[in-house]
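Quick caveat, the model's predicted, so the values are computed rather than measured. Naming: A, B, ... by sequence-line order, numbering from 1 per chain.
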Amino acid sequence: MIQALRGMKDLLSPSSEKYIYFVENCSKIARNYGFEYIETPILEETALFKRSVGESSDIVGKEMYQFTDKGGNDVCMRPEGTAGVVRAFIQQKYDKAKVQKKFFYYGPMFRYERPQKGRLREFHQFGVESFNQSNIKEDASIILMLKEMLDFFGIGYRLELNSLGCSECMPAYREKLVEFLKGEDGICEDCKRRRDTNPIRVLDCKNQRCQDIYINAPLLIDNLCPTCRGDFAKLKEILDGFEVKYIVNPKLVRGLDYYNKTAFEFVSDDIGAQSAIAGGGRYDKLVEYLDGKPTSGIGFAMGIERLMELIVMPESKRVGYYVGALCDEASEPCFELAIKMRKTQKTALNYDKKSLKAHLKNADKQNVRYCICIGEDELAKDKIWIKDLQDKKERLISRDELLG
RNA sequence: GUGAGUGUAGCUCAGUUGGUUAGAGCAUCGGGUUGUGGUUCCGAGGGUCGUGGGUUCGAUUCCCAUCAUUCACCCCA
């Protein structure tokens with residue numbers, strides 16, 4: 001038997017219904033905030049991700065679905081959504097036009113990882129990107145929008161906030177941290193490796209011994225330049241004004257290299273170890289890295305599979321019709337009737353002649369509102385038997401009455 | 001990539017101290033006298049006990065390998 005590849009899942013009802021419910025409602029909210037739908041290719045040149053996500057990240061280092069296509073191009077299946085949107089932004093020359101643009105997207109992402117709870121090789125994200133909005137109010141409104149989405153679905157979460165600094169303050173801090181780490185030999189092997197590749201990452205190491213050591217580590221939040229410090233204070237002020245609860249986590253780092261300044265993460269305690277349900281932040285240098293004109297950017301992405309674990313669908317009401325024949329002679333009329341009804345109504349049709357009991361059972365199982373049956377009596381009277389499964393009333397009506 | 005756990009019916013699982021016809025619940029289908037559902041009662045179908053090898057008179061059970069899957073580390077949404 002051929003089965004789906006490891007870490008790849010088919011999406012069937014009821015999960016598929018939940019997926020649509022999720023993206024439709026998120027899309028609606030995003031549109032209210034002025035975002036427009038964008039779709040970018042799943043396959044992109046490998047260089048795009050190497051330069052945006054960053055070669056130091058594990059995503060690029062070892063998790064990408066990378067291969068050479070038949071034309072000899074080095075290509076990748078996208079591991080995240082931002083890079084492609086930024087590429088499209090530049091390709092449309094919006095950077096040169098200096099226009100403000102807001103996009104939302106959703107779709108599959110690919111990372112070659114070992115699957116576990118909340119982590120698949122093909123997974124789906126819903127994300128937004130906003131360009132040319134350097135005002136800190138945009139950071140705030142994006143967080144407010146994300147909060148609104150999660151609140152809509154009744155999802156519980158914790159919001160963590162940090163500032164990663166900018167090109168003014170970050171490099172100096174990084175050196176300070178590396179200096180601190182040089183004197184600490186008690187840290188774990190992973191942290192020793194990170195010390196060279198991506199020192200900021202040591203701060204969110206899960207090893208308790210490391211964390212004990214890092215209590216004394218310098219924190220970026222204490223080393224911000226005046227602009228970053230001011231913006232971060234302003235952001236907190238706005239969020240306070242809207243009564244958004246958050247905690248400042250000075251050890252929050254984002255996994256992708258392109259982030260600076262505002263960084264945030266929405267975390268849930270109810271879905272296992274992979275607890276980040278949404279994450280994002282500012283990336284004011286990314287457009288330049290990708291050969292565009294200097295353009296600020298900010299966005300976030302949500303892990304749809306992780307969110308779907310937390311969403312409870314509203315109870316579905318009985319809707320539509322079920323049509324079934326009680327005798328062989330009625331099967332043609334039933335077929336024709338159903339086809340006509342389908343022009344205006346959701347109509348389930350059973351091709352087989354069955355007992356009334358069996359049809360009612362089927363109709364009930366399919367959660368339709370009305371069960372229609374045609375048998376010898378109905379054919380003789382040229383009427384249609386219809387029962388409302390909700391209020392249990394039944395009657396005989398004419399064809400025209402039903403279709404009209 | 002590392003570690004641990006699990007593979008028995010469509011699903012969730014029981015069971016076999018190694019021995020004849022491997023069980024339950026749910027789901028499916030049929031029926032409970034002549035055409036009435038979602039909560040009933042009765043019945044039926046459905047399993048080469050993940051795959052390959054080894055030990056044994058005999059393996060679904062013990063051993064090894066392999067594959068799949070789950071969880072955790074790593075990483076990240």
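Atom CG of A/L356 is separated from atom P of B/G35 by 8 Å (rounded to the nearest Å). The separation between A/E394 atom CD and B/U36 atom P is 10 Å, rounded to whole Å. Rounded to whole Å, the distance from CZ on A/R318 to P on B/G38 is 11 Å. To the nearest angstrom, C1' of B/C75 lies 17 Å from CE of A/M109. Protein atom NZ of A/K357 is 12 Å distant from nucleotide atom C1' of B/G38, rounded to whole Å. When rounded to the nearest whole Å, the span between CD1 of A/I277 and P of B/A77 equals 13 Å. One interatomic measurement links the two molecules: CG of A/D377 to C1' of B/U36, which rounds to 13 Å at whole-angstrom precision. Whole-Å rounding puts the A/E378 CD to B/G35 C1' distance at 8 Å.
The separation of B/U48 from B/U8, taken at their P atoms, amounts to 12 Å, rounded to a whole angstrom. For the C1' atoms, the distance from B/G46 to B/C26 is 14 Å, rounded to whole Å. Rounded to whole Å, the separation between the C1' atoms of B/U16 and B/U61 comes to 6 Å. Nucleotides B/G45 and B/G5 have their C1' atoms positioned 34 Å apart, rounded to a whole Å. For the P atom pair drawn from B/U20 and B/A27, the interatomic distance equals 32 Å after rounding to whole Å. For the P atoms, the distance linking B/C71 with B/U28 amounts to 28 Å, nearest Å. Comparing B/U39 with B/U2, their P atoms sit 50 Å apart, to the nearest whole Å. For B/A68 and B/U51, the P atoms lie 15 Å apart once the distance is rounded to whole Å.
The pair A/K18-A/E309 does not meet the salt-bridge criterion, since no charged nitrogen lies less than 4.0 angstrom from a carboxylate oxygen. Remark: A/D269 engages A/R158 in a salt bridge, criterion side-chain N to carboxylate O under 4.0 Å. Electrostatic pairing of A/D364 and A/R318 counts as a salt bridge here, judged by a charged N lying under 4.0 Å from a carboxylate O.
Within 4.0 Å of A/A363, counting heavy atoms only, lies no atom of the nucleic acid at all. A/D58 comes within 4.0 angstrom of sugar-phosphate atoms only, judged by non-hydrogen atoms across all strands, and of no base. Across all strands shown, A/E80 has no heavy atoms under 4.0 Å from either base or sugar-phosphate atoms. Using a 4.0 Å heavy-atom distance criterion, A/F123 is classed as a base contact. Among the heavy atoms of the strands, none lies under 4.0 Å from A/Q390.
In terms of position along RNA chain B, the nucleotide closest to A/I374 lies nearer the 5' end than the nucleotide closest to the other residue of the pair A/I374 and A/S275. Between A/K361 and A/G303, the residue whose closest nucleotide on RNA chain B is further toward the 5' end is A/K361.
Atom NZ of A/K176 sits in a sparse spot, with 12 or fewer heavy atoms from other residues, nucleotides or ligands closer than 6.0 Å. Counting heavy atoms of neighbouring residues, nucleotides and ligands inside a 6.0 Å radius, atom CZ of A/F67 exceeds 12 of them.
Contact between the side-chain N/O atoms of A/K392 and the OP1/OP2 oxygens of B/G38 is not found at any separation under 4.0 Å.
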* Which dot-bracket string fits RNA chain B when only Watson-Crick or G-U wobble pairs with both atom distances under 3.5 Å count, crossing pairs get [ ], and | stands for a partner on a different strand? -> (((((((..((((.....[...)))).(((((.......))))).....(((((..]....))))))))))))....
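Distance alone, capped at 3.5 Å, is enough to place a donor-acceptor pair between the A/R229 side chain and the A/L224 backbone.
A/F104 pairs in a ring pair (Phe, Tyr, Trp, His ring centres under 6.0 Å) with only one of the listed residues (A/Y33, A/F300, A/F35, A/F126), which is A/F126.
Ring centroids of A/F123 and A/F110 are separated by 6.0 Å or more, keeping the two rings apart.
When distances run from any side-chain atom of A/K62 to the nucleotides B/C74, B/G35, B/A77, the shortest one goes to B/C74. Side-chain proximity of A/K365 to the nucleotides B/A77, B/G37, B/U28 is greatest for B/U28.
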Collect all protein-nucleotide pairs involving nucleotides 66-73 of chain B in which both atoms are nitrogen or oxygen and the distance is under 3.5 Å.
residue, atom, partner, partner atom, Å
B/U69, OP2, A/R6, NE, 2.9
B/U69, OP2, A/R6, NH2, 3.3
B/C71, OP2, A/K117, N, 2.9
B/A72, OP1, A/A273, N, 2.9
B/A72, OP2, A/Q116, NE2, 3.1
B/C73, OP1, A/K206, NZ, 3.4
B/C73, N4, A/R119, NH2, 3.3

* Asked: How far apart are the C-alpha atoms of A/Y370 and A/L389, what are their side-chain angles, what is the distance that settles it, and do they pass the side chain to side chain contact (heavy atoms under 4.5 Å, CB included) test?
  -> CA-CA 6 Å; A/Y370 302 98; A/L389 297 182; over 6 Å; no
* May I have the step-by-step check of ring-ring contact (aromatic ring centres under 6.0 Å, His included) for A/Y94 and A/F131, ending in yes or no? => CA-CA 9 Å; A/Y94 289 149; A/F131 296 98; 8.8 Å; no
Show me the donor-acceptor pairs, under 3.5 Å and distance only, between side chains in residues 395-404 of chain A and residues at least two apart or in other chains.
residue, atom, partner, partner atom, Å
A/R395, NH1, A/E401, OE2, 3.3
A/S398, OG, A/E401, N, 3.2

